[in-house]
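Both ligands and their constituent atoms are indexed starting at 1 by order of listing. Heavy-atom basis, side chains included; hydrogens, waters and symmetry copies ignored. Bear in mind the structure is a predicted one, so any value in this text is a computation, not a measurement.
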Amino acid sequence: MASIRLENLSKVYKGGTAKAVDSVSLEIKDKEFVVLVGPSGCGKSTTLRMIAGLEAISEGKIWIGDRLVNDVPAKNRDIAMVFQNYALYPHMTVFENMAFGLKLRGYPKAEIEKRVNEAAEILNIQRYLTRRPRQLSGGELQRVALGRAIVRKPKVFLFDEPLSNLDAKMRVTMRTEIHKLRMRLQTTFIYVTHDQTEAMTMGDRIVVMKNGVIQQVAEPMTIYDKPANKFVASFIGTPSINLMTGTILKKDKKYYFDEGKFRVKIIDEMNEIIAPYAGKEIIFGIRSEDVYDKVFVSEASPDNTIRVTCEVVEPLGAEVFLYLNSGKSNFIARVGAHNRPEVNKDMEVVFDMRKVHFFDPKTEATII
Ligand code: ADP
């Protein structure tokens, strides 16, 4: 068990000019589950590998607990890492793979057996202990890789995209397995993924990265409801938040978002923040679940209703995605399973104006 502190951590690869990781500062509490998320190439793995001691640090400091570990070799950092490709030895049995790290460290045989059996029980892989990796499925291999990490009883677990090689169903299974494991082990976890669903469902806190720079650190629902900028708003959530450009219009002390083809009234509570943008261009954001078919809404008014064409209706079972077109912008409404408007017909949709976001078109920072 340990806290982790990163202070202005940076990485420039040999021959590289740009910073793969750019001045990352982060405090991870003891027993916390933190997810680093962002698109491919944003510096997640590099950050994790510097914490693990597998990559040299260009600038900055890393503490594990009270210990500055910049110059501590990986094997002495008391961490265990689980990789996407499992990194198991093909010629060894599952038992031997799990025992290998302990053997290297000179643990007595009885202790090794006890720990491997305990881990195998936690992961429900007792019956595979005598098999070799090639005799196992992807999900089973990943369990073995987890087992090999568990037996070490490390202070910190580091996961680098551990589920990306699994099929969609197995990913969901392993996601809940890791969640249960975490409850049981009560250890600090740092988990790297490009999958925002994994980030949302697993993390106590999420760290969203882009181009080596942290964009926001917060609990999952805060990231979702109060994104720090346009990038975070669109990266977190599926379907991605609807974004439209337009201008802020002021009329009779009221403010409107004018998209060009439609106009909606901004709620009075937002007036003060939106006032400086009167007459200026702005980016309007609304999540698909905050767009409703007018037929099913009682508080529709000309202030929040717009006319659109429904171009595609995509039934997903429990819900339906409507692909809408205002004549200028395309956007998605996520509505109930019963809701099946006609395709290529005009319809009216209602925006929940209490839930909308605004972003600065230049800085992309969140205004509301
Ligand atoms: P992520 O894990 O978010 O996909 P990485 O940390 O792997 O991103 O990579 C961050 C950046 O560093 C990328 O631009 C990548 O191309 C570069 N990079 C990663 N590893 C190396 C390496 N060994 N040598 C040079 N550049 C690298």
Is any side-chain N of the basic residue among Asp167 and Lys169 closer than 4.0 Å to the acidic one's carboxylate O?
no
Nearest protein heavy atom to atom 19 (C) of ligand 1, by residue and atom, and its distance?
Tyr13 CE1, 3.4 Å
Could you tell me which atoms of ligand 1, counted from 1 in the order shown, lie closer than 4.0 angstrom to a heavy atom of Pro39?
3 (O)
Taking the six-membered ring of Phe157 (Phe, Tyr or Trp), confirm whether the NZ or CZ of Arg152 is under 6.0 Å from its centre and within 45° of its axis.
no
Protein non-hydrogen atom below 4.0 angstrom of atom 13 (C) of ligand 1 present:
yes
For Tyr13, which residues count as a ring pair (Phe, Tyr, Trp, His ring centres under 6.0 Å) partner, sequence neighbours excluded?
none
Return a yes/no value for Gly43: is any of its N or O atoms, backbone included, closer than 3.5 angstrom to an N or O of ligand 1?
yes
Could you tell me if Ser326 and Glu259 have a donor-acceptor pair between their side chains, going purely by distance under 3.5 Å?
yes
N/O to N/O below 3.5 Å, does that happen between Ala20 and ligand 1?
no
Please identify which atoms of ligand 1 are closer than 4.0 Å to at least one heavy atom of Thr46.
5 (P), 6 (O), 9 (O), 10 (C)
Only heavy atoms count here, so choose which of Ser40, Ala18, Ser45 is nearest to atom 2 (O) of ligand 1.
Ser45
Which pair of heavy atoms, one from Tyr277 and one from Ile248, lies closest together, and at what distance?
O-CB, 3.3 Å
If you measure from the Lys or Arg side-chain nitrogens to the Asp or Glu carboxylate oxygens, is any gap between Glu198 and Arg175 under 4.0 Å?
no
Over all atoms of both residues, closest heavy-atom pair of Ile283 and Pro361
CD1-CA, 3.7 Å
Out of all atoms in ligand 1, which are within 4.0 Å of some heavy atom of Cys42? Include the element for each.
1 (P), 3 (O), 8 (O)
Got a protein heavy atom sitting under 4.0 Å from atom 16 (O) of ligand 1?
no
For atom 4 (O) of ligand 1, tell me which residue out of Gly38, Gly41, Gly15, Gly16 has the closest non-hydrogen atom.
Gly41
